[in-house]
Structure formats: C-alpha cells, structure tokens
Amino acid sequence: MGQDKAAMNWQGEPMLARVVRTIGQRCDPVLVVAPESSSAYQGLFGTGGPEARWITDETPGTGPLGGLAAGLAAAAESGAEWAFVCATDMPLIEVGLVDELLRGVTTSAEAVIAQDNLRVHPMAGVYRTSAAGAIADLVAADERRMLAALDVLNTHWVTVSEGAWLTNVNAPEDLHRLRV
C-alpha cells in the first residue's frame, strides 16, 4: 500500500477508526492490537477517535497470529469468554457480521469463522478467549499462518449473508475500486 492501512482515509476518517466505531456498537471493550512502534499506534493512539483499548505487548515479527494471541489473552483477562476478531483493512464491515458469527457459536466451538463463496476469513471471526494459549503455542513454534490456528481449534464456519463485509483493502487499486 505504501502506507499504513489503519491510517488510510475511508469516508473522512482513518480506516481503523471506522472499524473500531462500527465494532464498538456490539463489542465492549474494543481492543486494538498494535505495537507502540507501529504507525497505527503512533498515528492514531490518543487522537480522540472512537474508544479503544490498545494492546501493545504482542511479540514483534509474529504477524496477525501473534496479534491474535495477544488480543485473546487480553480479552480473557478482561473476563470475556468470546472475542470478535477482524482486520483493520475491512472498511465495509458492519455489525451484522458480528451478529451472524455469534449465532454460529456452539458449546464445542473454539472459533466461528466467516466464509464467503471464495474463501475462509480467519481475521473475521469470533474466538473463544481460552484458545489464546493454543495460539500462543503456535507463535512460539514460529508459525505465522492464520489458518494454522484454525487447524488446531474446533472451528465452525459461517457463510455470511453479505460478502462485502469481508472486503479487504490490500492495494491502492482495491481502495480506489471501493470508492468508485
């Protein structure tokens, strides 16, 4: 992208602020996992945006899997049994995604993951916070693939009713296409 996705402007606000504001309608508290050295933290922490608790203790260089482990551990410490997890680059996300995933929770599930007609989306799901240890073990074993977490957890899949909620912005042309 050439810049931090979290700070990219989406309809007048940073993309991360839009995600936090939207998710905050269903999730309290909203946790944002980003190291203090990240441009997301440096550019958005304390700027008066939507309320979020920043988790800054993820292991450097561990990617989204390390962030997932840190976020789930923090959510567990806050007393949450489940945590909704999403990426910062999902500008079309709506609370309906959270609602549909929560309807997929069962007593045996450790993760309920969104899927569309193209693929599964491990960064759009609800995870049982007790799974933090298993995910931390993967990170400690130098695993970096998000799908590895789904391999070790009892995972249920939910085909969401609105595929646009899962849209990721990975290149400038993706953002341009959404704006047009």
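All heavy atoms count here, side chains included; hydrogens, waters and symmetry mates do not.
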Arg18 side chain vs Pro91 backbone, donor-acceptor pair below 3.5 Å: yes
In this structure, would Val105 and Val158 fall into the same cluster of hydrophobic residues linked by side-chain contacts under 4.5 Å? yes
Which heavy atom of Ala114 sits nearest to which heavy atom of Val160, and what is that distance? CB-CG1, 3.8 Å
Do Val85 and Val112 belong together in a cluster built from hydrophobic side chains that touch within less than 4.5 Å? no
Side chain to side chain contact (heavy atoms under 4.5 Å, CB included) between Leu102 and Val126, intermediate numbers included: CA-CA 7 Å; Leu102 287 173; Val126 291; 4.0 Å; yes
To the nearest 0.5 Å, what is the distance between OG on Ser108 and NE2 on His156? 3.5 Å
CG of Asp137 to CD of Glu143: how many Å apart, nearest 0.5 Å? 12.0 Å
Taking Asn168 for the side chain and Met90 for the main chain, is one N or O donor matched with an acceptor at less than 3.5 Å? no
Under 3.5 Å, which donor-acceptor pairs do the side chains of residues 73-83 form with other protein atoms, sequence neighbours left out?
from  : atom 1 : to     : atom 2 : distance (Å)
Ser78 : OG     : Arg53  : NH1    : 2.8
Ser78 : OG     : Ala74  : O      : 3.2
Glu81 : OE2    : Arg128 : NH1    : 2.7

Identify whether the distance between the nearest side-chain nitrogen and carboxylate oxygen of Glu51 and Arg21 falls below 4.0 Å. no
Closest heavy-atom pair and its distance - Cys86, Val19: SG-CG1, 3.6 Å
Could you tell me whether the side chain of Thr155 and the main chain of Leu153 form a donor-acceptor pair under 3.5 Å? yes
Minimum heavy-atom distance between Ile135 and Ala149, given as atom pair plus value: CG1-CB, 4.2 Å
Spell out, as yes or no, whether a donor-acceptor pair under 3.5 Å connects the side chain of Glu58 to the backbone of Ala70. no
Backbone N or O of Thr62 within a donor-acceptor pair of the Thr59 side chain at under 3.5 Å? no
Does one hydrophobic cluster hold both Phe84 and Val33, with members joined at side-chain heavy-atom distances below 4.5 Å? no
Closest contact, heavy atoms only, Pro122 versus Leu147: CG-CD2, 4.0 Å
Using the rule given for side chain to side chain contact (heavy atoms under 4.5 Å, CB included), can you reason through Val32 versus Ile55, listing the C-alpha separation, both sets of side-chain angles and the distance that settles it, and then say yes or no? CA-CA 6 Å; Val32 176; Ile55 309 302; over 6 Å; no
CG/Leu138 to CG/Leu68 distance, rounded to the nearest 0.5 angstrom? 9.5 Å
Can you tell me how far CZ of Arg26 sits from CG of Leu97, rounded to the nearest 0.5 angstrom? 11.0 Å
Main-chain N/O of Trp165 paired with Glu94 side-chain donor or acceptor, under 3.5 Å: no
Would you check, one step at a time, whether the test side chain to side chain contact (heavy atoms under 4.5 Å, CB included) holds for Arg145 with Leu65? CA-CA 7 Å; Arg145 298 173 305 111; Leu65 196 60; over 6 Å; no
Sub-4.5 Å side-chain heavy-atom contact between Trp54 and Leu31: no
Once you round to the nearest 0.5 Å, how far does CD1 of Ile113 lie from CG of Leu101? 7.5 Å
Could you check Leu150 against Trp157 for side chain to side chain contact (heavy atoms under 4.5 Å, CB included), going step by step and ending with a plain yes or no? CA-CA 10 Å; Leu150 306 183; Trp157 315 99; 3.5 Å; yes
Using only heavy-atom distances, determine whether the side chains of Glu110 and Ser130 contain a donor-acceptor pair under 3.5 Å. no
Between Leu166 and Ala124 the two heavy atoms that sit nearest each other are CD2-CB, 3.6 Å
Can a donor-acceptor pair be found, under 3.5 Å and without considering hydrogens, that links the side chain of Asp116 to the backbone of Arg119? yes
Closest non-hydrogen atom pair between Thr22 and Ile93, with its separation: CG2-O, 3.5 Å
Test item: Arg144 side-chain N/O and Gly66 main-chain N/O as donor-acceptor pair under 3.5 Å: no
